[in-house]
Amino acid sequence: MGLELYLDLMSQPSRAVYIFAKKNGIPFELRTVEVLKGQHLSKEFLQVNSLHRVPVLKDGDFILTESVAILIYLSIKYQTADYWYPPDLQARARVHEYLGWHADCIRGTFGVSLWTQVMAPLIGAQVPEEKVKRNRAIMDQALQQLEDKFLGDRAFLTGQQLTLADLMALEELMQPVALGYDLFEGRPRLAAWRGRVEAFLGAELCQEAHSPILSILEQAVKKTLPVPPPEAYPNMLLRIAKIP
Amino acid sequence: MGLELYLDLLSQPCRAVYIFARKNGIPFELRTVELLKGQHLSDAFAQVNPMKKVPALKDGDFTLTESVAILLYLMRKYKVPDYWYPQDLQACARVDEYLAWQHTTLRRNCLRALWHKVMLPVFLGEPVSPQMLAATLAELDETLQLLEDKFLQNKAFLIGSHISLADLVAITELMHPVGAGCQVFEGRPKLAAWRQRVEAAVGEDLFQEAHKVILKVKDSPPADPTIKQKLMPGLLAMIR
């Protein structure tokens, strides 16, 4: 069996892995795990990842979780172009510096709007307005740092070339955008960066990877989204309760 | 100017960087940034790291923040033994996997355990509700279980038969709740045996030296009001 990727394109790290593999012509079998349908809780998926999380890579007997680890693994194994994960000592350190900050300040914050606006209502739960406002404020603060400290006057987040950092960042930022918070509005530098990243990745690939999340509000209004099975409720409620 | 490391051994990622540099004989100037005195908020330190966080590395003109980035930079620049971050594709992927996982789980839980149990009530005089403390400790407990079941399993170290960056980053985290008086290793013989192996691999003396500050943090005198005022906004954001 060749390379298999377990993904849900609703999930931002899954999209980063998907785009990376597609863009680099890496052959893989797509195993879609629909989180909304509770497929990540199935016995089959449990065999692949006992933590019930996507993305997961399966390469023969080797199973790997965590998007950053997967991206680095793919970049080494398939010898993708240097710019993704530059071998230069300082340039690579900049990518890791961004990814470290991203794990603390972006991840966990930019996914909240999907939960407050779509996931919680789907199971009849509600996120207090105060938490929604707080999340927005934390996002704005992170965006300011992203623009000032990382992007600065550069073309991409860690320098003049696109890296894994840009891909990870764009996918997180797409989450609130899909939920109606156009965070690029009023931030011309960040908007221009998005344009460069999307142009580099290719409009067609971006559209393909982003279309499920970009249509989620519409699907929620039309009530065409799958309703999560009861066994998914406890984890979902816990996740909602943990929103700071 | 050679390599400078801006650290406070109170912070768990700083301890990982400190132990890594010392253990591998990497020469550096230690620049201590005392967090409990608010030195990370000073203008002088903002020149080094505008994010006002430790650890930070300065190597000539090159300034780098974020502990994982610093550890990987030192590992590559100073050609340390391979086991810290193996060349082998799958083995290094396992280190990357752990380092990514801990960021949003163990790191958060260990930090909150220390602040909710000791630093907020004792050092800052800010009471923490029993419910909140119980929730924090329960979450920590769950994560420790995952560390044991999913990562350590029956191996000597988290990735295999040798110590790696993963073990170093993990043990320095766990010493945070230990410093707060949590029984992290009690009832977890596998994790306790692993801790002994990690300490032995690092060297007892170095391990003790790096953890002196955190193991005494419970006895810190209460902060004076000006320091408290200075620290509170950043703290609230950190342990939210």
> In this structure, are over 12 heavy atoms from other groups packed under 6.0 Å from A:Q160 atom CD?
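Correct, the count exceeds 12.
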
> Roughly how far apart are A:W101 CH2 and B:K53 NZ, rounded to 0.5 Å?
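One gets 8.5 Å once the value is rounded to the nearest 0.5 Å.
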
> Where on A:S50 is there a heavy atom nearer than 4.5 Å to chain B: the side chain, the backbone, both, or neither?
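It is the side chain, since no backbone atom gets that close.
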
> For the side chain of B:R76 and the backbone of A:P87, is there at least one donor-acceptor N/O pair under 3.5 Å apart?
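Yes, B:R76 side chain to A:P87 backbone: donor-acceptor pair under 3.5 Å.
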
> I need the residue from A:R107, A:Q145, A:K242, A:R94 with the largest number of non-hydrogen atom pairs under 4.5 Å to chain B.
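Top count of heavy-atom pairs under 4.5 Å with chain B: A:R94.
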
> Can you tell me how far CG of B:D96 sits from CD1 of A:I72, rounded to the nearest 0.5 angstrom?
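If I round to the nearest 0.5 Å, the distance is 4.0 Å.
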
> Which region of A:L51, side chain (C-beta onward) or backbone (N, CA, C, O), has a non-hydrogen atom less than 4.5 Å from a non-hydrogen atom of chain B, or is it both or neither?
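It is the side chain, since no backbone atom gets that close.
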
> Please classify the contact of B:T104 with chain A as side chain, backbone, both or neither, using a heavy-atom distance under 4.5 Å.
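Just the side chain, heavy atoms under 4.5 Å.
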
> State, to 0.1 Å, how close A:A69 and B:A93 come at their nearest heavy-atom pair, and which atoms those are.
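For A:A69 and B:A93, the tightest heavy-atom pair comes out as CB-O, 3.9 Å.
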
> Are the side chain of B:E97 and the backbone of A:E66 linked by a donor-acceptor contact shorter than 3.5 Å?
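Absent.
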
> Mark yes when over 12 heavy atoms from residues, nucleotides or ligands other than B:D88 sit less than 6.0 Å from its CG; otherwise mark no.
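Yes, the 6.0 Å shell around CG holds more than 12 heavy atoms from other groups.
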
> Given heavy-atom pairs under 4.5 angstrom as the criterion, report whether the side chain, backbone, both or neither of A:K149 touches chain B.
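Side chain only.
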
> At what distance, to the nearest 0.5 angstrom, does CG of A:D59 lie from CD of B:Q90?
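Nearest 0.5 Å value for the CG-CD distance: 7.5 Å.
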
> Crowded around A:E44 CD? As in, over 12 foreign heavy atoms under 6.0 Å?
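Result for CD/A:E44: open.
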
> Can you measure from CD (A:Q90) to CG (B:L64) and round to the nearest 0.5 angstrom?
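So the CD of A:Q90 and the CG of B:L64 are separated by 9.0 Å.
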
> When you look at CG of A:D61, are more than 12 heavy atoms from neighbouring residues, nucleotides or ligands closer to it than 6.0 Å?
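Incorrect, the count does not exceed 12.
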
> Is A:E231 atom CD crowded by more than 12 heavy atoms from other residues, nucleotides or ligands, each under 6.0 Å away?
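Result for CD/A:E231: enclosed.
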
> Looking at every heavy atom in both A:A93 and B:A69, which two are closest together, and how far apart are they?
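Nearest pair, atom of A:A93 first, then B:A69: O-CB, 3.8 Å.
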
> Identify which part of A:L89 has an atom lying under 4.5 Å from any heavy atom of chain B, answering side chain, backbone, both or neither.
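Interface part for A:L89: both.
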
> Are any side-chain N or O atoms of A:E97 and backbone N or O atoms of B:T65, one a donor and one an acceptor, separated by less than 3.5 Å?
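Yes; judged by distance alone, with no hydrogens or angles, the pair exists.
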
> Take atom CD in B:Q229; do more than 12 heavy atoms of anything else shown fall under 6.0 Å from it?
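Incorrect, the count does not exceed 12.
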
> Given that the side chain runs from C-beta out, which part of B:K150 has a heavy atom under 4.5 Å from chain A: side chain, backbone, both or neither?
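The side chain, not the backbone.
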
> Against chain A, label B:L72 side chain, backbone, both or neither, depending on which of its atoms sit under 4.5 Å from a heavy atom there.
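Answer is side chain: those atoms of B:L72 sit under 4.5 Å from chain A.
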
> Count the heavy atoms of every other residue, nucleotide or ligand shown that sit under 6.0 Å from CD of B:Q153, and state whether that count exceeds 12.
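Atom CD in B:Q153 is packed in, count exceeds 12.
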
> Please report the closest heavy-atom contact between B:R94 and A:L64, naming both atoms and the distance.
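Between these two residues, the closest heavy atoms are NH1-CD1, 3.5 Å.
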
> Just how far is it from atom CG of A:L99 to atom NE2 of B:H103, taken to the nearest 0.5 Å?
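A:L99 CG to B:H103 NE2: 9.0 Å, rounded to 0.5 Å.
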
> Which region of B:L99, side chain (C-beta onward) or backbone (N, CA, C, O), has a non-hydrogen atom less than 4.5 Å from a non-hydrogen atom of chain A, or is it both or neither?
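Neither part, no heavy atoms under 4.5 Å.
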
